[in-house]
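Numbering starts at 1 and runs along the sequence shown. As a basis for the values below, the full set of heavy atoms in this structure was taken, side chains included, without hydrogen atoms, waters or symmetry mates.
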Amino acid sequence: MQQVRYFLALSSTLNFTRAAEECHVTQPALTRAIKNLEDELGGELIRRERRHSHLTELGRRMLPLLQQCYDAASSAKSLAKAVKSSDVAPLKVAISNSINIALLISPFSELFRAYPGVHLKISRGAPMIVVEALKSGDAELAIAGPLGQAWDRICTWPLFDEEIELVVNSEHPLGRRNEADVALSQLVGEPILSRVDWETSEDLSRFLRANGFAHEAAHEVETDHDLLALLEANAGVGFVSMTAPRSPNVRRLKLRDIDISRTVAVYGVAGRQRSPVATTLLNLLRATDWSPFGVREPAR
């Protein structure tokens, strides 16, 4: 990289003496470095003339590449220095597809104030992908609905409980009714939109079967946004958590016959040391007042 730095100075000045002065080295040292770089690249980079030195064709072609290489190395060095001095705090967080990231604005804002140099890397996925991210170390923390007994080293800190609601298009017959709730019997024959790998899917299916409602999924989606898009198209009815994104053309309804809820939690790995920034986010999440979102304190 020193050779590259000398070449960049020389390409700017086209004068060995001035380039050596800029780089704070002797002219013979700079000349030797340029010669070594030319040997490495297999050709002359600059034609040495007393008053009219100029870059060769190889020198012109190599200049932008070497400039890019030098800039990247400088950036890497600055980043390494910042990380070492805690100016930059990297944090990997896995968030389930079923979590509305808008819920996290407040704790994230507090985190950015505490760590102005925090570098968040957020990954999304189904429950098993979230678990794998924790196992592999690709995430220090995870935020999701119930993960069950997916791994015995997972630590769980419940954040809040929320209800599961029925969602329909506002123009759907159920959506045009004045009542704010529906009975399961009113869903007979309705196409049900199914969430693939939703943490609540098994509990929901079990509750529905226990109350005598058997259904087959008409369409399958992975995210709340995709579910809302199909509901916008009036493709059927579906189920979402209370904190899921909302749409002006989709109506939320309560289920009259059953009470289905889920617990949203933050997860970590037992016995694995957490970084200060991860510990701070964990504490912020646990201290957050979630009641403005209409959810309940989790059962302790």
How far does CE of M242 sit from CZ of F160, to the nearest 0.5 angstrom?
10.5 Å
Closest heavy-atom pair and its distance - A139, L134:
O-CD2, 3.7 Å
Pairs flagged by salt bridge (Lys or Arg N to Asp or Glu O under 4.0 Å) wherever residues 52-68 is involved - sequence neighbours left out
E57-R60, E57-R61
Rounded to the nearest 0.5 Å, what's the gap from CZ on R251 to CG on N169? Could you check?
11.5 Å
Are a donor atom and an acceptor atom from the side chains of D203 and T200 found within less than 3.5 Å of each other?
no
Is the backbone N or O of A183 less than 3.5 Å from a side-chain atom of Q186, with the two atoms forming a donor-acceptor pair by type?
yes
So do L104 and I95 actually touch side chain to side chain, heavy atoms under 4.5 Å?
yes
Is the closest side-chain heavy-atom distance between L193 and V221 below 4.5 Å?
no
Value for OH (Y6) from CD (E22), rounded to nearest 0.5 Å, stands at 12.5 Å
Between NE2 of H219 and CG of L231, what distance do you get to the nearest 0.5 Å?
10.0 Å
What closest approach, in Å, do A144 and S96 show between heavy atoms, and which atom pair accounts for it?
CB-CB, 3.5 Å
Go through R124 and I99 one step at a time and tell me if the side-chain contact (heavy atoms from CB on, under 4.5 Å) criterion holds.
CA-CA 9 Å; R124 285 282 204 166; I99 299 298; 4.2 Å; yes
Smallest heavy-atom separation, V250 atom then S170 atom, equals N-OG, 3.6 Å
Mark yes when over 12 heavy atoms from residues, nucleotides or ligands other than E222 sit less than 6.0 Å from its CD; otherwise mark no.
no
Side-chain heavy-atom pair Y70, L66 within 4.5 angstrom cut-off
no
Do side-chain atoms of D224 reach the backbone of P245 as a donor and acceptor pair under 3.5 angstrom?
no
I need the minimum non-hydrogen distance between Y267 and L147, along with the two atoms involved.
OH-N, 3.5 Å
Carefully, step by step, assess D181 and L166 under the rule side-chain contact (heavy atoms from CB on, under 4.5 Å).
CA-CA 9 Å; D181 58 1; L166 180 73; over 6 Å; no
Verify same cluster id: I101, V130 (apolar side-chain graph, 4.5 Å)
no
Would you call E110 and R113 a salt bridge, using N to O less than 4.0 angstrom?
yes
Do K35 and E38 sit within salt-bridge range, that is, some charged N less than 4.0 Å from a carboxylate O?
no
Straight-line distance of L141 CG to S275 OG, nearest 0.5 Å:
7.5 Å
Take a 6.0 Å sphere around NE2 of H225 and say whether it holds more than 12 heavy atoms from other residues, nucleotides or ligands.
no
Could you grab the distance from atom CG of L187 to atom CZ of F239, nearest 0.5 Å is fine?
5.5 Å
So does S98 get a backbone contact from the side chain of E199, meaning a donor-acceptor N/O pair under 3.5 Å?
no
Evaluation steps, salt bridge (Lys or Arg N to Asp or Glu O under 4.0 Å), between K121 and D138:
CA-CA 9 Å; K121 180 180 179 182; D138 286 336; over 6 Å; no
Evaluate L63 against F7 for side-chain contact (heavy atoms from CB on, under 4.5 Å), listing each step before the verdict.
CA-CA 8 Å; L63 178 57; F7 169 70; 4.0 Å; yes
Could you tell me if the side chain of L284 sits less than 4.5 Å from the side chain of F108, heavy atoms only?
no
Would a hydrophobic clustering, with Ile, Leu, Val, Met, Phe, Trp and Tyr connected at side-chain separations under 4.5 Å, put L58 with L14?
yes
Are E44 and T56 linked by a side-chain donor-acceptor pair shorter than 3.5 Å?
no
Is it true that N249 and S247 share a donor-acceptor pair across their side chains at a distance under 3.5 Å?
no
Quick one: are S12 and R18 in side-chain contact, heavy atoms under 4.5 Å?
no
Single-linkage hydrophobic cluster, 4.5 Å side-chain cutoff, L281 and I154 together
no
Scanning both residues in full, the closest heavy-atom pair of R262 with P146 reads CB-CD, 4.3 Å
Residues E165 and K254 bridged, charged N to O under 4.0 Å:
yes
Would you mind checking if E140 and R272 are paired as a salt bridge, meaning a charged N to carboxylate O distance below 4.0 Å?
no
Do T288 side-chain atoms and W290 backbone N/O form a donor-acceptor pair below 3.5 Å?
no
Side chain to side chain, R177 and V182, heavy atoms closer than 4.5 Å
yes
Taking atom types as modelled, find out whether T31 and R48 have a side-chain donor-acceptor pair closer than 3.5 angstrom.
no
Do I164 and W198 make a side-chain contact, defined as non-hydrogen atoms from C-beta onward lying under 4.5 Å apart?
yes
Would you say P127 and D197 make side-chain contact, with heavy atoms under 4.5 Å?
yes
Checking the side chain of S205 only, and the main-chain atoms of S201 only, is there a donor and an acceptor separated by less than 3.5 Å?
yes
Is there a donor-acceptor pair closer than 3.5 Å between any side-chain N or O of S123 and the backbone N or O of K92?
no
Say whether, by atom type as modelled, one donor and one acceptor occur between the side chain of S11 and the main chain of L8 under 3.5 angstrom.
yes
Please walk me through it: do S261 and R296 pass side-chain contact (heavy atoms from CB on, under 4.5 Å)?
CA-CA 10 Å; S261 63; R296 305 185 300 269; 3.6 Å; yes
For the CD atom on Q27, are there more than 12 heavy atoms of other groups (residues, nucleotides or ligands in this structure) within a distance under 6.0 Å?
yes
Residue pair A265 / T156: nearest heavy atoms and the distance that separates them:
CB-CG2, 3.7 Å
Between I143 and V269, is there a shared hydrophobic cluster once you connect ILVMFWY residues whose side-chain heavy atoms come closer than 4.5 Å?
no
Is W157 reachable from V131 through a run of hydrophobic residues whose side-chain heavy atoms are each under 4.5 Å from the next?
no
